[in-house]
Amino acid sequence: MAKSLIEELPRIVSEGRREAAQILERLSSGTQIGLQTNELVLPSKDVSGLFKGSTPQIPNAFTMAGGNGEWMNRLIYGDNLLAMQALLAGDAQTGLPSLRGKVDLIYIDPPFDSKADYRTKISLPGTDIQQKPTVIEQFAYADTWEEGTISYLKMIYPRLALMKELMSERGSIYVHIDWHVGPYVKLLLDEIFGKENFSSEIIWKRTTSHAQRQSFGIIHDTIYFYRKNFAEYKWNAQYLPHSEEHINKYYSNVDSDGRRYALDNLTAPGEGPSRIFWGKELTPPPGTHWRYSQENIDKLCEDGLIVMTNNNRPRFKRYLDSLQGSIIGGLWDDIPPVNSQAKERIDYATQKPEALLERIIKASSNEGDLVCDFFGGSGTTAAVAERLGRRWITCDIGKPASLVMRKRFIDQEVKPFLYQSIGDYQKEAFRNNKRYKHVGDLSQVVLGLYGALPFTPEQTNDRNYGYIKGTRTLVMVDSPNRLTTAATIRKAVEAKASLLGGDWEKVVVLGWNFAFDISQAIQKYENSNVEVLVIPPDLLDKLAKKGFKKLIDDKSVRFSSLQYLVAKPLVVKQNGDQDEIDVELENYVLLSPDNIPLDDKDKEKLQQVLERDPLSLIEYWSIDPDYDGATFRSTWQDYRENMENDNDPLHCVYKTRLRVAHKAQRKVCIKAVDVFGFESQVIKEV
């Protein structure tokens, strides 16, 4: 008989505690997760076809430290467990020190329901398709719910433990949850943060009652509010304006100057001594005491704020205009969910209203504080934090969520922020796999799955090379521990000319992770008969679950090509001390439809769109007119929902004119993200 969830809790806690400890130990040993900066975004969306204003002057991305240089907010795409490890370690590339003990407020809204449909609807010209989660997302969701609530709690424990490490001593955390797992998560929160640091259980009424035949309707979510240290925390009480009914009922007295007031009780429970009111000693009723000291009572009498009633009882004269309103308690029934007509709606399934986050952020942080959301979703936490003058970091494992957030922040014209990703997914997967301990062993497996034969040790001691039997095709497998770059392609071309005497007709490069300029390198070597293919990102997981032989037999492993962007030659015209640069996209080639998680019928629809309108697949594109080869500074953006210029929700504008300071030579980098989240870039030199 299977153990109950209560019986499983000790094991969940023990394993979660051990996993968190191992992560922290790895960080202290110098083995660290890295963040890869994809974009430094300076929100400046296209509104007229012309670049509005001059290129903003910004600090160098490599000097942005949390205390020494200018702070940069961050949107991170990737698993939050890895993102938090990177933040605890610090991001040396952008000058960010360790954020251990530096985060003032965390709000998370993790997924609730194991049966939720995580597909994303994508509208394309003439058709709609349903994108299933990416491979990384699929396994994240599968692992989260494999054993139901047990798996969910295993997922959340080490993440909550790392959040505690990030929190400052005055920090707070709000965990937004629903009935599926709420009570069990509360037990974990008590274990991690301490029952004594539990502050409030907030009930948010998110919908009106709906028909339930056999039970009461579930109309609320729960938000658990904990502090890192109950003896030292930030708290700003929040108020609601008094209702007219409340005012008329309790503030019915009116002074000669028109000020409304109520007569309040001056006692509280618990025995206490008598006090002097207006020269008369009065004893409090049995079981009570006077709320104020004699010194304060004298001051209130002097100010005319204590009056004697007809039955000779002192009362406190509380003026309505001296109050901010009614202090908000733990039942929040005044904030409706985001409805279909709301201005803030961005058509994201789990979007939470800004008013909800505004209340939380105002209550538990001050201007300049650091607010984090590690299940970023639609980006509401970061959007509100920005508006309220807080610093922020948000993270999500979903590609669609990352796209939605980036566009939302640009729409809001937030301060410049970094868009980053975890650059070590395959590295982590390889390190954690129990089957292959050496890169060479894994390379031999990949060669076999591709249909290539490995060379013998006598032929070459490099186990990353193989060949297709009966052909003159050389195959090179790159390491999961690094990015496949232009240097990798050059090495493969050199091997084609020299390995075992050369005379190879073609070389195929199989890579796990790719540098963003890889399409540029592929085009550079297009006459060298080199082909670059993607190793399926779920391969290690499939090998663990199915094994090599079964994968060979069912032929389910597919190696797909990369996508690339084509731009027309730039047109540059000098106008005084400025250059006018016309940038125009020409084509977008998506060569890997098999690598996209779509049903077969949607793959057919996609193929039709590819043939008639390939540029419509571009969801977002941006330009750095002064690319330094290291940090992409996005100083112009357009995306499909930006309709201020073209009134077309299904297309970007594909041509623009940039006005920038004159330079004799410059590199213009153009980056595009398609509707599936694939990124590509092209560099033009002028």
Side-chain angles (χ1 to χ4, degrees), residues 426 439-440 442-444 446-456 459-536 557-570 585-595 610 614 627 629-630 667-672 678-686:
Q426 302 302 347
V439 171
L442 182 59
S443 295
Q444 300 276 293
V446 174
L447 285 170
L449 291 169
Y450 182 68
L453 296 173
F455 290 113
T456 64
Q459 290 173 306
T460 176
N461 58 8
D462 192 332
R463 304 182 71 207
N464 300 312
Y465 283 98
Y467 65 99
I468 304 295
K469 187 177 180 181
T471 73
R472 296 300 298 166
T473 299
L474 182 66
V475 182
M476 171 188 173
V477 181
D478 207 1
S479 168
N481 290 331
R482 60 172 176 253
L483 294 175
T484 299
T485 64
T488 315
I489 309 300
R490 184 178 69 251
K491 180 182 176 184
V493 171
E494 290 170 354
K496 173 174 167 281
S498 62
L499 188 66
L500 295 176
D503 196 31
W504 298 97
E505 293 177 2
K506 179 181 179 180
V507 60
V508 178
V509 178
L510 306 177
W512 298 87
N513 304 296
F514 297 87
F516 288 111
D517 60 351
I518 192 68
S519 58
Q520 198 90 4
I522 293 170
Q523 292 173 48
K524 178 180 178 181
Y525 291 101
E526 62 184 347
N527 296 324
S528 300
N529 210 6
V530 57
E531 183 179 10
V532 180
L533 297 177
V534 183
I535 299 170
V557 177
R558 295 180 178 180
F559 297 80
S560 51
S561 303
L562 286 161
Q563 68 287 342
Y564 66 91
L565 181 70
V566 182
K568 292 183 178 180
L570 302 181
L585 301 185
E586 184 173 4
N587 195 13
Y588 180 68
V589 182
L590 183 67
L591 294 176
S592 52
D594 285 337
N595 204 33
L610 280 169
Y627 184 53
K667 285 183 181 178
V668 178
C669 187
I670 306 156
K671 183 179 285 192
F678 293 117
E679 300 193 18
S680 55
Q681 71 179 36
V682 61
I683 298 171
K684 298 284 187 179
E685 296 192 33
V686 293

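All residue numbers in this chain count up from 1 along the given sequence. Excluded from the calculations below are hydrogen atoms, water molecules and symmetry mates; all remaining heavy atoms, backbone and side chain alike, are included.
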Does some side-chain heavy atom of [Y] sit less than 4.5 Å from a side-chain heavy atom of [X]?
X    : Y    : value
L585 : K568 : no
F559 : L449 : yes
L474 : V508 : no
W512 : S479 : no

Subject >> side-chain contact (heavy atoms from CB on, under 4.5 Å), paired with Q444, selected from L447, V446, L442 >> reply: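 Exactly one option meets the side-chain contact (heavy atoms from CB on, under 4.5 Å) with Q444, and it is L447.
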
Heavy-atom pair with the smallest gap, counting every atom of [X] and [Y]:
X    : Y    : value
K496 : E505 : CE-O, 3.2 Å
P614 : N587 : CG-OD1, 3.3 Å
V439 : P480 : CG1-CD, 4.2 Å
I683 : C669 : CG1-SG, 4.0 Å

Within this structure, what is the [atom1]-[atom2] distance for the pair [X] and [Y], rounded to the nearest 0.5 Å?
X    : Y    : atom1 : atom2 : result
N529 : T473 : CG    : OG1   : 8.0 Å
I468 : L453 : CD1   : CG    : 7.5 Å
I535 : S443 : CD1   : OG    : 7.5 Å
I489 : E531 : CD1   : CD    : 11.0 Å
L510 : D478 : CG    : CG    : 9.5 Å
Q681 : I670 : CD    : CD1   : 10.0 Å

**OP:** Establish, yes or no, whether a centroid distance under 6.0 Å links the rings of Y465 and F455.
**Re:**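 Here the rings of F455 and Y465 have centres that are no less than 6.0 Å from each other.
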
Original post:
For the side chain of R472 and the backbone of K506, is there at least one donor-acceptor N/O pair under 3.5 Å apart?
Top reply: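 Between the backbone of K506 and the side chain of R472 there is no qualifying donor-acceptor contact (under 3.5 Å).
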
Subject >> Flag, side chain of S528 to backbone of V530, donor-acceptor distance under 3.5 Å >> reply: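 Pair absent, no side-chain N/O of S528 close to backbone of V530.
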
Original post:
Parallel under 30°, tilted from 30 to 60°, perpendicular over 60°: which one fits the rings of Y467 and W504?
Top reply: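 Rings of Y467 and W504: tilted, 30 to 60°.
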
Subject >> Full working for side-chain contact (heavy atoms from CB on, under 4.5 Å) between K524 and R490 >> reply: CA-CA 10 Å; K524 178 180 178 181; R490 184 178 69 251; over 6 Å; no

Original post:
Heavy-atom count around K684 NZ within 6.0 Å, excluding the residue itself: above 12?
Top reply: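 Yes, enclosed.
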
